[in-house]
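This report refers to the structure that appears directly beneath it.
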Amino acid sequence: MRLLVTGGAGFIGSNFVRYMLGKYPDIEIVNYDKLTYAGNLDNLRDIESNPQYRFVQGDIADAAVIGPLIAKADAVVNFAAETHVDRSIHDPGGFIQTDVVGIYTILESAREHKAGKVVLVSTDEVYGSIEDGSFREQDRLDPSSPYSASKAGGELLALAYYKTFGLPVCITRGSNTYGPYQYPEKVIPLFITNALDNLPLPLYGDGLNVRDWLFVLDHCSAIEAVLHRGNPGEIYNIGGGNERTNIEITHAILDMLEKPRSLIRPVQDRPAHDRRYSVDCEKLVKLGWAPAQPFEEGLRLTVKWYVENQWWWRKLKSGEYLDYYKKQYARGFESTKGR
Ligand code: NAD
Ligand code: TYD
């Protein structure tokens, strides 16, 4: 199989490229990525000279470049996106450009070149928050942030391309993912790396928001199942089955690192902060998928990875990262001084 992976230099995409190369001896993968602040070729250093792998730098919204790559591929899996909710609140424009216009460009090119299959990696955040129970694929979309609204926009376009043009697209809605190579703006790597440096851990609101944590390789195996066995025009939820409050996650990280709880700094809540995410994965289980990684062990493994791979994340926490960090957290730290 000749697979085009878009956004393969980010967190989940790079894990997926490595996972697929390790599993399929005959696969050929082209990784097409713009290398935004979140894209990082260090994520794939160990496989960059693999003859079955090739990297091409570019934007998914650039039809002239992505079109010929789609024409040569048997299937496309898109990870490329602007992905961080807090950044989408500061600056929504880039999210609409990549997560909507970029997806439109992939869909148009796939239609023109009669692509075999297109898997769009989306998020459970498109449903919005749920107090009790779990969302199923047919439930109504009610996104809360510019990030999740843009992802919902891309999804709806894809479903329209399936209905109107018969384009064979599948959509996955994964839950919060964690593991090695996650950019240290997301809560788990942010809290691990801050704790290692004895910096405060900015916990939003009351810390009781719930996320369902999915280990990155379980997310990869779910996408693999949808790539091979997903029905065109269908949506598949992917959840880890590990619902935890943010304060539970924070305590677990501090305990694993033997750091004091006094590092926790309650800060102002995120606007429109979804209280709880939860998805029903029965449809994906019927495709033969099940998550394999127990959560506490996965978190321990992740903490260990950040402890042992400081070469990877220390250089990320500079320049643009620090500007963003100041913009995002300075006021929160100021207003809660002494709490
Ligand atoms: P990430 O932010 O780590 O990586 C995104 C990648 O996309 C980067 O390599 C970046 O350079 C690339 N990119 C961004 N804009 C691009 C463009 N216009 N053209 C080409 N490349 C571009 O993201 P991630 O956490 O790996 O998420 C991957 C996908 O999974 C996203 O679509 C996201 O919405 C979805 N998702 C993520 C999570 C999670 O918890 N991380 C959960 C569910 C779904
Ligand atoms: P995040 O990793 O940004 O993922 P998402 O918003 O896509 O779920 O956040 C996960 C949870 O952690 C979410 O409830 C917000 C919370 N959070 C904090 O409390 N402090 C932080 O600094 C960050 C980044 C997130």
Side-chain angles (χ1 to χ4, degrees), residues 5-16 31-41 43-44 56-62 65-66 77-89 94-95 97-99 101-103 105-106 120-126 129 144-145 147-148 150-151 154-155 172-179 181-191 194 200-214 216 219 222-223 237-240 244-247 249-250 264-270 272-277 279 325 328-329 332:
V5 174
T6 46
F11 164 48
I12 308 172
S14 61
N15 277 283
F16 182 75
N31 173 12
Y32 181 73
D33 194 297
K34 186 178 175 184
L35 297 183
T36 66
Y37 78 93
N40 184 354
L41 291 179
N43 298 7
L44 289 164
V56 180
Q57 184 170 4
D59 191 327
I60 56 166
D62 187 344
V65 186
I66 201 172
V77 181
N78 178 66
F79 295 89
E82 288 295 336
T83 61
H84 193 43
V85 172
D86 294 319
R87 287 186 189 252
S88 82
I89 295 168
F95 288 72
Q97 176 58 26
T98 291
D99 303 4
V101 179
I103 294 302
T105 311
I106 289 179
L120 295 182
V121 177
S122 189
T123 165
D124 64 354
E125 300 192 24
V126 294
S129 195
S144 303
S145 70
Y147 162 63
S148 49
S150 310
K151 293 293 288 187
E155 278 195 16
T172 62
R173 292 185 181 148
S175 67
N176 282 68
T177 304
Y178 72 102
Y181 300 104
Q182 186 167 31
Y183 191 81
E185 65 187 352
K186 303 294 195 304
V187 75
I188 287 183
L190 174 67
F191 282 14
N194 274 16
L201 311 189
L203 187 65
Y204 297 161
D206 61 7
L208 295 178
N209 299 65
V210 172
R211 297 293 182 265
D212 173 12
W213 292 99
L214 171 66
V216 66
H219 199 155
I223 293 166
N237 287 339
I238 314 170
R244 299 286 187 283
T245 60
N246 292 335
I247 190 76
I249 296 290
T250 310
I264 299 172
R265 188 74 57 89
V267 295
Q268 204 175 13
D269 208 354
R270 170 190 280 173
H273 191 178
D274 285 330
R275 193 62 167 170
R276 174 173 174 263
Y277 294 137
V279 285
Y325 195 81
Q328 174 61 17
Y329 296 105

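Both ligands and their constituent atoms are indexed starting at 1 by order of listing. For the numbers below, each heavy atom of this structure counts, side chains included, while hydrogens, waters and symmetry mates do not. Since we're looking at a predicted model, the values are computed, not measured.
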Counting from 1, what ligand 2 atoms have a heavy atom of [X] closer than 4.0 Å?
| X | result |
| --- | --- |
| His84 | 3 (O) |
| Leu190 | 22 (O) |
| His273 | 13 (C), 14 (O), 15 (C) |
| Pro202 | 18 (C), 19 (O), 20 (N), 21 (C), 22 (O) |
| Arg211 | 8 (O), 13 (C), 14 (O) |
| Glu185 | 24 (C) |

For a quick check under 3.5 Å, do [X] and [Y] share a side-chain donor-acceptor pair by atom type?
| X | Y | value |
| --- | --- | --- |
| Lys186 | Thr83 | yes |
| Asp86 | Tyr204 | yes |
| Tyr37 | Glu185 | yes |
| Tyr325 | Asn194 | yes |

Provide, to 0.1 Å, the distance between [atom] and the closest protein heavy atom, together with that atom's residue and name.
| atom | value |
| --- | --- |
| atom 16 (C) of ligand 2 | Asn246 ND2, 3.4 Å |
| atom 10 (C) of ligand 2 | Val187 CG1, 3.6 Å |
| atom 22 (O) of ligand 2 | Tyr329 OH, 2.6 Å |
| atom 4 (O) of ligand 2 | Asn176 ND2, 3.3 Å |
| atom 11 (O) of ligand 1 | Asp33 OD1, 2.6 Å |

[X] N/O to ligand 1 N/O under 3.5 Å:
| X | value |
| --- | --- |
| Thr123 | no |
| Lys34 | yes |
| Thr36 | yes |
| Lys186 | no |
| Gly10 | yes |

Distance under 4.0 Å to a non-hydrogen atom of [X]: what atoms of ligand 1 satisfy this?
| X | result |
| --- | --- |
| Gly7 | 6 (C), 7 (O) |
| Ala81 | 5 (C), 7 (O), 14 (C), 31 (C), 32 (O) |
| Lys151 | 31 (C), 32 (O), 33 (C), 34 (O) |
| Gly58 | 19 (N), 20 (C) |
| Asn176 | 40 (O) |

key: N-O pairing of Asp59 and Lys34 below 4.0 Å   =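 Answer for the salt bridge query: yes.
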query = Is it true that Arg275 and Asp206 make a salt bridge, defined as a side-chain N closer than 4.0 Å to a carboxylate O?
reply =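 Asp206 and Arg275: salt-bridged.
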With heavy atoms only and a cut-off of under 4.0 Å, state how [X] meets ligand 1: side chain, backbone, both or neither.
| X | result |
| --- | --- |
| Ser122 | backbone |
| Tyr147 | side chain |
| Asp124 | neither |

Heavy-atom proximity to [atom], best of [options]:
| atom | options | answer |
| --- | --- | --- |
| atom 22 (C) of ligand 1 | Gly174, Ser175, Ala80 | Ala80 |
| atom 6 (O) of ligand 2 | Arg265, Glu125, Arg270 | Arg270 |
| atom 23 (C) of ligand 2 | Tyr178, Phe191, Tyr204 | Tyr204 |
| atom 27 (O) of ligand 1 | Asp62, Asn15, Thr177, Thr83 | Thr83 |

ask   = Do the two ring centres, one from Phe79 and one from Phe11, sit under 6.0 Å apart?
value =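 No.
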ask   = Can you tell me if Gly94 has a non-hydrogen atom under 4.0 Å from ligand 1?
value =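 Per 4.0 Å heavy-atom rule, Gly94 does not contact ligand 1.
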inquiry  = With the threshold set at under 4.0 angstrom, would you say Thr6 reaches ligand 1 through any of its heavy atoms?
reply    =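 Checking ligand 1 against Thr6, which is what was asked, there is no heavy-atom contact under 4.0 Å.
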request  = Would you name the heavy atoms of Leu214 and Ser175 that are closest together and state the gap between them?
outcome  =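 Of all heavy-atom pairs spanning Leu214 and Ser175, the closest is CB-OG, 3.5 Å.
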query = Glu125 and Arg173: salt bridge (charged side-chain N to carboxylate O under 4.0 Å, His left out), yes or no, with the steps?
reply = CA-CA 8 Å; Glu125 300 192 24; Arg173 292 185 181 148; over 6 Å; no
message = Is there a side chain to side chain contact (heavy atoms under 4.5 Å, CB included) between Thr245 and Asn209? Walk through the geometry before answering.
response = CA-CA 5 Å; Thr245 60; Asn209 299 65; over 6 Å; no
key: Asp212 and Tyr277, any side-chain heavy atoms less than 4.5 Å apart   =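 No, too far: nothing below the 4.5 Å cut-off.
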